[in-house]
2 protein chains.
Amino acid sequence: MTRPPIRIVLADDERLVRTALRAILSAEPDLEVVGEAATGAEAVSVVRDLGPDVVLMDVRMPETDGIRATEQILATLDEPPRIVVVTTFENDSYVYDALRAGAAGFLLKRAEADLLVQAVRLVVRSDSLLFPSAVRALAAEHARVYPAPPAWIARLTGRESEVLRLMAAGLTNAEIARRMEVGPATVKTHVAAVLAKTGTRDRTQAAIAAYEAGFMKTR
Amino acid sequence: MTRPPIRIVLADDERLVRTALRAILSAEPDLEVVGEAATGAEAVSVVRDLGPDVVLMDVRMPETDGIRATEQILATLDEPPRIVVVTTFENDSYVYDALRAGAAGFLLKRAEADLLVQAVRLVVRSDSLLFPSAVRALAAEHARVYPAPPAWIARLTGRESEVLRLMAAGLTNAEIARRMEVGPATVKTHVAAVLAKTGTRDRTQAAIAAYEAGFMKTR
DNA sequence: CCGCCCCTCCCCCGTCCGGCGGAGCCGGAT
DNA sequence: ATCCGGCTCCGCCGGACGGGGGAGGGGCGG
């Protein structure tokens, strides 16, 4: 009772890597590489067209990186494939990003060939797939990331948010005053309020807090 | 009239890359991969033992990088092999370094398989192997896709990097001085150098620059 | 109507910061 | 043997910063 082969799409901007992966996977009778993509955007369309069972997705790719491509694929397809994110370095913080994006697995390029093959087989049958190094990185990342969206953001008033944004852009109080068309004394008041609410002692720490809270990415 | 095959050594710390290169090259009847190395130091000894015609040398490797390994091989052997330096990224000055070290050629890993094969054949027959246009084009494209990290990072000295890291952690000069076990005056000197090199005017802007350059994610 | 919050602005004061010039030491390169 | 770059410090100064008060006005809900 032969079952149909597992259909695989490779997404990696390096031709060499794709070739290597294809060689390794195609040697297995139950695996079939049905498509390749060199960019994240290409990966999305190729997967949409071919509807594979598994995608091996590199993180670093032109146009759209592997994380975003993963998000897009999972968001737009009814029956999305299992996506295994592949990267070179284990100290990357990509593990967390990959899993948050919905990737089913995460492994390193330095993995042995048979580990790769097993991973593909495993991932179509189980919900998720994690390797020890990935788990370790995940734990570290989790601890770092989970202190989550600080509560102080919500406590900031409108003006205070503006001031923090300009502070974290590197402006002096005088510049902020000109930009906001208020007096320097007013800016000092707002700055003091921001420092108090963020629990920081100077504008540099406030700027750092803004960055680490993701505050600067808010539009 | 069959001539002896071209004897090749592969030096790359990634198993996958070596496998791929071996697969590509071994498919050609006139090419023969006679050895592999995973570090620069290993490459030197392997080449010394086997005396190959060509070495495909990765730039980034543990222990000794590809550039130094190239230098050592060319300096210590009477009849050194042609060395082709292979790398993934082009934004660095590796091309210049490679050629200065005496490499006969320079290739990007994203090169097509047949280009690779041709390169190996070509390099044993000619004094040098140049793909100026290709390299430049790829470099330009690569620089477009992966915006290069600001050049100032490389210009920072060791102490200056430490100071920037602590500055961007929100420490005052006095705290940095205690942490680094130097005088406050010394910290001020380093801070001034950091501000100059980063093109910023105060510690807040420097901290922002550090964050936006991804400097704080480095280790 | 009254309190409360937000925004606006003022003063004083001590500290920290950044710019300036100068100096000695050391190790590697020339 | 000399030069250069990195690291370590010094003093001086003006300006920016942050803390501590206080004060007036406007809006909104109790």
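Letters A, B, ... mirror the listed sequences (proteins, then strands); counts begin at 1.
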Whether B:Thr157 contacts D:dC7 is assessed here as follows: a side-chain N or O lying under 4.0 Å from the phosphate OP1 or OP2. Is that the case?
yes
Given atom CD of B:Glu181 and atom P of D:dC7, what is their separation to the nearest angstrom?
16 Å
Euclidean distance, atom NE2 of residue B:His190 to atom C1' of D:dC10 [Å, nearest integer]
15 Å
In whole angstroms, the gap separating C1' of C:dC6 from CE of A:Met180 amounts to 12 Å
Should we count CZ of B:Arg201 as having more than 12 external heavy atoms under 6.0 Å?
yes
For the pair made of NZ in A:Lys188 and P in D:dG19, what is the distance, rounded to whole Å?
10 Å
Rounded off to whole Å, could you give me the CE-to-C1' distance for the B:Met167 and C:dC16 pair?
14 Å
Length of the CD-P vector between B:Glu162 and D:dC7, whole Å:
9 Å
B:Arg203/B:Glu175 under salt bridge (Lys or Arg N to Asp or Glu O under 4.0 Å): CA gap, chis, key distance, verdict
CA-CA 14 Å; B:Arg203 63 204 305 101; B:Glu175 288 167 339; over 6 Å; no
Short side-chain N/O contact from B:Arg203 to OP1 or OP2 of C:dG18, under 4.0 Å:
yes
Hey, is B:Arg159 close enough to B:Glu162 for a salt bridge, meaning N to O under 4.0 Å?
yes
If only side-chain N and O atoms of B:Arg159 are considered, is one of them under 4.0 Å from the OP1 or OP2 phosphate oxygen of D:dT8?
yes
Distance-only donor-acceptor test (3.5 Å): side chain A:Thr189, base C:dC9
yes
Between B:Glu36 and B:Arg22, does at least one N-O distance fall below 4.0 Å, as a salt bridge requires?
yes
Tell me which of B:Thr186 and A:Leu171 sits closer to the 5' end of DNA chain D, going by the nucleotide each one is nearest to.
B:Thr186
With a 4.0 Å cutoff (strictly under), does any side-chain N or O of A:Asn173 reach OP1 or OP2 of D:dA16?
no
Both A:Lys197 and A:Ala185 contact DNA chain C. Which one's nearest nucleotide lies toward the 5' end?
A:Lys197
Rounding to a whole Å, what distance do you find between A:Leu195:CG and D:dA16:C1'?
14 Å
Here the distance between atom C1' of D:dG18 and atom CG of B:Asp202, to the nearest Å, is 15 Å
Check: A:Gln205 side chain, A:Thr200 main-chain N or O, donor-acceptor pair, under 3.5 Å
no
